[in-house]
Amino acid sequence: MEEKATKSLNFIEEIVEKDLESGKVKSVVTRFPPEPNGYLHIGHAKAICLDFGLAEKYKGKCNLRFDDTNPVKEDVEYIDSIKEDIQWLGFSWGDREYYASDYFGKLMDFAIELIRRGLAYVDDQTSEEIAQQKGTPTEAGKESPFRNRSVEENLDLFQRMNAGEFDEGCRVLRAKIDMTSSNMHLRDPIIYRIIKRSHHRTGDKWNVYPMYDFAHGQSDYFEGVTHSCCTLEFIPHRPLYNWLVDQLKEGEYRPNQYEFNRLNLTYTVMSKRKLLQLVEEKYVDGWDDPRMPTISGLRRRGYTSDSIRNFVDTIGYTKYLALNDFGLLENAVREDLNKTATRVMGVLDPVKLIITNYPEGQVEELETVNNPEKPEEGSRNIPFSRELYIERNDFMEDPPKKFFRLGPGREVRLKSAYIIKCEDFKKNEETGEIEEIYCTYDPETKSGSGISRKVKGTLHWVSSEHAFDAEVKLYDRLFTDENPDGHKDKSFLDFLNTDSLKILKGCKLEPGLKDAKPGDRFQFTRLGYFTVDKKDFIQGKPVFVRTVTLKDSWAKLSKKQ
RNA sequence: UGUCCGAUGGUGUAAUGGUAGCACUUAUGAUUUUGGUUCAUACAGUCAAGGUUCGAAUCCUUGUCGGACAACCA
């Protein structure tokens with residue numbers, strides 16, 4: 001029997017296993033808590049894989065909980081996209097779709113209880129005054145003049161805040177903790193503020209809304225969450241999280257917060273605010289633009305959910321900052337698509353090639369393998385004729401030694417067809433453009449005939465009469481800098497790649513591709529992986545999006561020279 | 001001049017006091033009707049200095065460097 005190499009655990013899995021073994025928790029409950037104020041990006045995918053993955057691995061549960069405590073920023077339109085993305089990644093929250101707003105009543109009760117215990121007070125100051133008293137990371141804060149109001153007055157004021165008697169910004173409810181704490185979050189944090197805005201779920205029921213810190217840990221507690229995972233920047237919030245849970249909890253049970261490093265990728269930005277800016281200022285074509293690092297963008301680009309999950313799996317979870325190479329993600333999708341994508345032929349930059357000794361009007365159906373990695377997927381026929389298209393850069397008038405393609409007097413194989421020899425070509429003397437290439441073919445060397453000889457190169461091609469014209473979109477990275485966010489004096493927008501989308505028209509594709517459907521994925525032989533764009537799809541007129549190129553050692557070689 | 005978190009090849013991660021390993025990248029070669037895939041080989045790392053120990057990437061001390069924290073955002 002073969003022993004399976006056990007993959008080492010990440011530090012959170014270790015904690016979970018320890019807690020399970022010691023009996024500290026009976027079963028794992030996690031939660032994924034998106035704020036419905038934007039689309040999910042691949043950084044969220046990392047969190048989703050952890051939260052849902054933990055539940056899956058240890059046979060626990062993961063709740064989906066929308067963190068909807070701020071009606072100013074949030075919108076229902078985002079809720080559907082978030083759910084779609086999680087499902088597409090292959091995870092399920094069952095019937096546990098929750099909202100922080102489900103707990104507004106309980107949170108209000110808890111706030112009132114804190115006031116009664118003298119642990120919360122209403123502050124009448126402006127946000128500027130409060131900010132000033134807050135101190136700085138190196139200087140202690142000062143106590144608010146309203147800090148020691150009577151319980152009765154606090155109760156009355158808070159109730160009137162919620163009744164709508166005061167304008168936004170006039171008063172807040174603060175927890176009474178410690179203005180001299182070295183942790184800024186413990187300096188009497190604001191826990192409720194007045195917002196007179198309709199909430200997508202609770203309508204106009206409330207005039208006050210809890211802050212994140214006052215909602216998150218308590219929601220975890222209400223749901224019986226055991227392991228509450230978030231990113232590193234919440235480390236300083238943990239003492240507040242614990243303080244609040246301590247005030248709230250009745251028995252032994254408590255949720256615990258653990259922090260892991262967020263995902264950063266080279267050549268992109270990952271903050272929702274910046275992604276929103278790219279969308280609103282129309283630098284991209286929407287949240288699902290194939291250049292965006294959003295889940296919907298990657299999906300439209302042709303990424304598979306498996307490739308994203310594999311990628312997340314390889315980058316891991318640690319406690320220190322990382323900037324992951326975008327190439328790693330590309331590698332993950334190549335690895336997946338190499339196994340699954342049907343090989344087809346398409347010529348993106350066509351030049352006509354005429355086989356002078358091939359009978360005019362003759363058409364042959366040639367057999368070609370669908371996927372050499374999966375022989376069980378069989379083969380199909382493609383038409384071959386006297387006039388073909390090949391890729392313009394597969395011909396050179398005066399090729400260097402290491403160019404294994406077509407040039408005067410040179411022989412190459414046409415994939416799944418014949419060996420051809422270049423006899424002549426026609427060049428436009430004014431523009432220098434090659435207009436036609438003339439070849440002869442060797443009928444003996446038909447693919448599969450068993451008769452062949454060594455030729456250096458194999459080219460892809462399509463029959464000109466049978467090809468259909470299509471539009472192909474080539475996307476490149478959105479930014480020219482590895483870390484567009486990492487410059488003090490410059491905005492990430494200064495590094496926008498102005499050449500990140502090329503639209504090719506009149507590409508010549510093999511006839512079967514005419515029926516391709518949105519979401520179909522192919523490998524265009526020798527070029528890369530392509531998918532059919534979902535957006536504005538018209539039956540019979542598919543537009544192809546390049547997911548990623550194939551690795552290209554020739555491009556590397558020729559660049560070096 | 002605060003508090004907290006962290007530091008392992010170019011990048012991302014393992015090793016939980018006992019042989020520093022893996023993936024990607026890079027380089028070279030083999031196979032190949034995709035300059036793809038696959039396979040083989042090579043390059044390359046424990047932030048620094050002390051200490052504890054038979055033995056330290058791991059524990060302790062000090063330093064260095066990086067990051068987070070001063071929204072009525074999450």
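Any value given below was found using the heavy atoms of this structure, including those in side chains, with hydrogens, waters and symmetry copies removed. So that the names make sense, note that chain A is the first sequence line, chain B the second, and so on, each numbered from 1.
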Query raised in the report: Can you tell if the side chain of A:F492 reaches within under 4.5 Å of the side chain of A:H487, non-hydrogen atoms only?
Result: no
Query raised in the report: Rounded to the Å, how far apart are A:K46 NZ and B:rG12 P?
Result: 11 Å
Report task. Using ring-ring contact (aromatic ring centres under 6.0 Å, His included) as the criterion, list what pairs up with A:F32, not counting sequence neighbours. Result -> none
Short N/O separations, protein against nucleotides 70-74 of chain B, under 3.5 angstrom:
| residue | atom | partner | partner atom | Å |
| --- | --- | --- | --- | --- |
| B:rC72 | N4 | A:Q125 | O | 3.2 |
| B:rC72 | N4 | A:S127 | N | 3.4 |
| B:rC72 | N4 | A:G169 | O | 2.7 |
| B:rC73 | OP2 | A:R193 | NE | 3.2 |
| B:rC73 | OP2 | A:R193 | NH2 | 2.9 |
| B:rC73 | O3' | A:R193 | NH2 | 3.3 |
| B:rA74 | OP1 | A:T69 | OG1 | 2.6 |
| B:rA74 | OP1 | A:R193 | NH2 | 2.9 |
| B:rA74 | OP2 | A:Y212 | N | 2.9 |
| B:rA74 | O4' | A:E35 | OE1 | 3.4 |
| B:rA74 | O3' | A:D67 | OD2 | 3.2 |
| B:rA74 | N6 | A:H237 | NE2 | 3.2 |

**Report entry** A:L186 CG to B:rC4 P, straight-line distance once rounded to whole Å
**Finding:** 13 Å
Report summary line: When rounded to whole Å, the CG to C1' distance for the pair A:D178 and B:rU3 reads 13 Å
Query raised in the report: Which residues pass the ring-ring contact (aromatic ring centres under 6.0 Å, His included) test with A:Y209, sequence neighbours left out?
Result: A:F104, A:H199
Query raised in the report: How does protein contact run along nucleotides 29-41 of chain B, one letter per nucleotide 5' to 3', with B for base contact, S for sugar-phosphate only, - for none, heavy atoms under 4.0 Å?
Result: ----BBBBS----
Query raised in the report: Do A:R201 and A:Y99 meet the cation-pi criteria used here (NZ or CZ under 6.0 Å from the six-membered ring centre, within 45° of the axis)?
Result: yes
Query - Euclidean distance, atom CG of residue A:N264 to atom P of B:rG67 [Å, nearest integer] - result: 12 Å
Query raised in the report: CD of A:E139 versus C1' of B:rC69: gap in Å, rounded?
Result: 15 Å
Query raised in the report: Nearest-Å distance, CD1 (A:I42) to P (B:rG12)?
Result: 16 Å
Query raised in the report: Atom CG of A:N261 to atom P of B:rU11: distance rounded to whole Å?
Result: 15 Å
Query - Contact list for residues 309-332 of chain A, test salt bridge (charged side-chain N to carboxylate O under 4.0 Å, His left out), sequence neighbours left out - result: A:E56-A:R309
Query - Row check, A:Y441 ring normal vs A:K421 NZ/CZ: under 6.0 Å, within 45° - result: no
Query raised in the report: In dot-bracket form, how is RNA chain B paired, counting a Watson-Crick or G-U wobble pair only if both its distances are under 3.5 Å and using | for bases paired to another strand?
Result: .((((((..((((....[..)))).(((((.......)))))....(((((..]....))))))))))).....
Query raised in the report: Which part of the nucleic acid, if any, lies within contact of A:T266, taking any heavy atom under 4.0 Å across all strands shown: a base, the sugar-phosphate backbone alone, or nothing?
Result: nothing
